[in-house]
There are 2 protein chains.
Amino acid sequence: MPAKPAGPTAPKALHIANEARRRIIEREWLQGQRIPDEADLAIEFGAARATVNKALQLLADEGLLERRRRAGTRVTINPARKATLTISIVREQVERAGMDYGHRVVAQRRSPAPAKIAKRLGLPQGTVLLHMRAIHYGNGRPFQLEDRWINLAAAPGLEKLDFWQLNANEWLVQNAPYLHAEIAFTAANADKREARLLQTQPGNALLIMQRTTWNELEPITTVRVACQPGYLLNAEGGYRPD
Amino acid sequence: MPAKPAGPTAPKALHIANEARRRIIEREWLQGQRIPDEADLAIEFGAARATVNKALQLLADEGLLERRRRAGTRVTINPARKATLTISIVREQVERAGMDYGHRVVAQRRSPAPAKIAKRLGLPQGTVLLHMRAIHYGNGRPFQLEDRWINLAAAPGLEKLDFWQLNANEWLVQNAPYLHAEIAFTAANADKREARLLQTQPGNALLIMQRTTWNELEPITTVRVACQPGYLLNAEGGYRPD
DNA sequence: TAGTGGTCTAGACCACCAC
DNA sequence: TGGTGGTCTAGACCACTAG
């Protein structure tokens, strides 16, 4: 008899994952210890092995389990805490906060890449890039400063656009999907220009987000975003609730 | 004839995912457009529908596709860029950087929760918590400052421990697994005490990481970590390479 | 109400590696 | 070399919702 009903509406794999998580948290399965193998758990939960596999892979992705062929599945001793940052386009961030969005281009010109930028992109120093700086506003107050370098070769069609009006951020998201990205965060003291543009004082601590993206062949763009003082970047961590 | 060989060693689902990603990136499948349904793709790739499903779910998790029953699968218009932060225990971070790890507890005492902390934990103001501050060192130089509040009720066995010697961070990771976590980043200017402890100047911009964790019943701990000036936090973004 | 994704099952073969 | 996880298949039923 093939295919039993897939459960009322509660994904069985999730149920198994949650139950396994409970056992780990309540120390029924101890750190470093082996847990029963997939076949046994399949019997216990009355599920197919594939379903148990899906559940355990979920926990392994979360870092709670370590799985190896032949060696079995063990509870991780020092689980790394994983968090997922969802970085949407600035406009959506601002609008989600219930503010009116605006943006203004401060500078835009072709310019040979400085050593630092060239290195970050992996391009020869002096390669001509499009350099632009813009301010994103929420309710008329500066929200983020954007300092972006764009590899013209990787963004066909971009030369013709008028970024004085268009939003480079959104154009790139929509027109130059990336394959690989590097993201880093740091803090910096606002310099005079940043302070002026953000309408704050020089020296104030700013959260800096630095992103570089590549397609399969070449770098697309690198951007340094300086957030307004006090900006709190939230990430989602932990596991989904039962 | 059941079960064909699972492919030489190349997971077929990954191959399909990569090919689909290529089609998106190279605009063969346009933003907002519907892509063929699972059954058709299964035929095209000579795979079972379950395999195609796995591949497309992967892309949906990455934010490249939006899938809805009956409506089909569409290419996301403004894909949110997702990044995964892997936050391991400080000692591992330091050691991975090739430095010697050390840590020193600066203060430790029971104390009623200040309003701000109580609110963050969702506990009544004045609840007695364990408050501790510690410095983590790399090669003898301050690496991170940790300011932690622990809910004693959620960490049984903790009262008896000697945190002047033990590493609270690691003890908690090993003994009080959390179910839910909130993580946030911001920047702050070092105050005098922070500057002294980090051996830097007051006013310097510090990257601040603020984490709070809960088990299924109650908050466990909240911690504010101040990183040394110039600290760069790397996240992993984008998609896995082909 | 019919088309699409979501999920499960039973069986199978394979890769890996601890023993 | 055998036990364990990794993956695939073919078939099935169900949930959701666009038309």
Side-chain angles (χ1 to χ4, degrees), chain A residues 1-20 23-24 29 32-76 240 242, chain B residues 1-20 23-24 29 32-76 240 242:
Chain A
M1 62 218 73
K4 226 180 52 185
T9 305
K12 197 182 267 193
L14 264 191
H15 170 70
I16 297 173
N18 287 331
E19 169 61 13
R23 292 181 189 180
I24 293 168
W29 289 344
Q33 238 184 26
R34 251 187 88 169
I35 71 171
D37 65 32
E38 294 185 350
D40 288 345
L41 290 173
I43 295 171
E44 178 192 336
F45 287 105
R49 186 167 78 88
T51 306
V52 173
N53 180 278
K54 190 176 176 184
L56 296 188
Q57 290 223 354
L58 192 67
L59 297 195
D61 287 343
E62 290 174 1
L64 280 184
L65 293 178
E66 284 172 350
R67 322 191 70 209
R68 267 156 51 208
R69 284 164 155 135
R70 166 76 196 193
T73 299
R74 292 177 180 277
V75 180
T76 304
R240 58 200 62 62
D242 289 325
Chain B
M1 61 220 75
K4 226 181 46 186
T9 306
K12 195 181 271 194
L14 265 190
H15 169 72
I16 297 173
N18 287 332
E19 170 61 14
R23 293 183 187 180
I24 294 169
W29 289 343
Q33 237 184 28
R34 254 188 85 169
I35 71 170
D37 66 32
E38 294 186 350
D40 288 346
L41 290 173
I43 293 171
E44 178 191 339
F45 287 105
R49 185 168 76 90
T51 306
V52 173
N53 180 276
K54 191 178 176 183
L56 296 187
Q57 290 224 352
L58 193 68
L59 297 194
D61 287 344
E62 291 174 0
L64 280 185
L65 293 178
E66 284 172 350
R67 323 191 70 211
R68 268 157 51 211
R69 284 164 155 135
R70 167 75 195 194
T73 299
R74 291 176 181 278
V75 179
T76 304
R240 58 200 63 61
D242 290 325

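Here is how names work: the chains are called A, B, and so on, in the same order as the sequence lines, proteins then strands, and each is numbered from 1.
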Residues in residues 47-55 of chain B with a heavy atom under 4.0 Å of DNA chain C, by number, are R49(B), N53(B)

Mind calculating the distance between [atom1] ([X]) and [atom2] ([N]) to the nearest angstrom?
{"X": "R34(B)", "N": "dT17(D)", "atom1": "CZ", "atom2": "P", "answer": "15 Å"}
{"X": "E38(B)", "N": "dA10(D)", "atom1": "CD", "atom2": "C1'", "answer": "15 Å"}
{"X": "L65(B)", "N": "dG6(C)", "atom1": "CG", "atom2": "C1'", "answer": "15 Å"}
{"X": "R74(B)", "N": "dT17(D)", "atom1": "CZ", "atom2": "P", "answer": "15 Å"}
{"X": "I16(A)", "N": "dT7(C)", "atom1": "CD1", "atom2": "C1'", "answer": "12 Å"}
{"X": "L56(B)", "N": "dT4(C)", "atom1": "CG", "atom2": "P", "answer": "14 Å"}
{"X": "L58(A)", "N": "dG6(D)", "atom1": "CG", "atom2": "P", "answer": "13 Å"}
{"X": "R67(A)", "N": "dA15(C)", "atom1": "CZ", "atom2": "C1'", "answer": "15 Å"}

query: Can you list the residues that meet the side-chain hydrogen bond (donor to acceptor under 3.5 Å, both in side chains) rule with R34(B), with sequence neighbours excluded?
result: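 Testing R34(B) for side-chain hydrogen bond (donor to acceptor under 3.5 Å, both in side chains), a comparison that skips the adjacent residues, returns none.
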
With sequence neighbours left out, the residues meeting side-chain hydrogen bond (donor to acceptor under 3.5 Å, both in side chains) with E44(B) are R23(B)

Residue pairs meeting salt bridge (Lys or Arg N to Asp or Glu O under 4.0 Å), one or both in residues 63-75 of chain B, sequence neighbours left out, come to E38(B)-R67(B)

Check whether any side-chain N or O of [X] sits under 4.0 Å from OP1 or OP2 of [N], and answer yes or no.
{"X": "R68(B)", "N": "dT4(C)", "value": "no"}
{"X": "K12(B)", "N": "dT9(D)", "value": "yes"}
{"X": "Q57(A)", "N": "dG5(D)", "value": "no"}

Checklist line | Side-chain donor or acceptor of K12(A) paired with backbone N/O of A48(A) under 3.5 Å | finding: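 Not at all, since once roles are kept as given, no pair shorter than 3.5 Å links the two residues.
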
Straight-line distance of [X] [atom1] to [Y] [atom2], nearest 0.5 Å:
{"X": "N18(B)", "Y": "L59(B)", "atom1": "CG", "atom2": "CG", "answer": "8.5 Å"}
{"X": "L65(B)", "Y": "L58(B)", "atom1": "CG", "atom2": "CG", "answer": "9.5 Å"}
{"X": "E62(A)", "Y": "T76(A)", "atom1": "CD", "atom2": "OG1", "answer": "10.5 Å"}

Taking every heavy atom of A47(B) against every heavy atom of I16(B), the minimum-distance pair comes out as CB-CD1, 4.0 Å

What I want to check is whether an N or O donor and acceptor connect the side chain of R70(B) with the base of dA15(D) at under 3.5 Å.
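Between dA15(D) and R70(B), which were checked side chain against base, a qualifying N/O pair under 3.5 Å is absent.
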
Identify which nucleotide among dA15(C), dA15(D), dT7(C) has an atom closest to any side-chain atom of R69(A), counting heavy atoms from C-beta outward.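 Shortest atom-to-atom distance from the side chain points to dA15(C).
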
Among the nucleotides dG5(C), dA18(C), dG5(D), whichever has the atom closest to the side chain of T73(A) is dG5(D)

Grab the stems for DNA chain C, please: at least three consecutive Watson-Crick or wobble pairs, both distances below 3.5 Å, written as range with range.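 So the stems come out as C:1-18 with D:1-18.
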
Would you say I24(B) and I35(B) make side-chain contact, with heavy atoms under 4.5 Å?
->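 No, too far: nothing below the 4.5 Å cut-off.
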
Partners passing side-chain contact (heavy atoms from CB on, under 4.5 Å) against D37(B) (at least two apart in sequence or in another chain):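 D37(B) satisfies side-chain contact (heavy atoms from CB on, under 4.5 Å) with A39(B), D40(B) once adjacent residues are dropped.
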
Problem - Sugar-phosphate, base or nothing in reach of A39(B), heavy atoms under 4.0 Å - result: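 Answer is nothing: A39(B) stays at 4.0 Å or more from every strand.
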
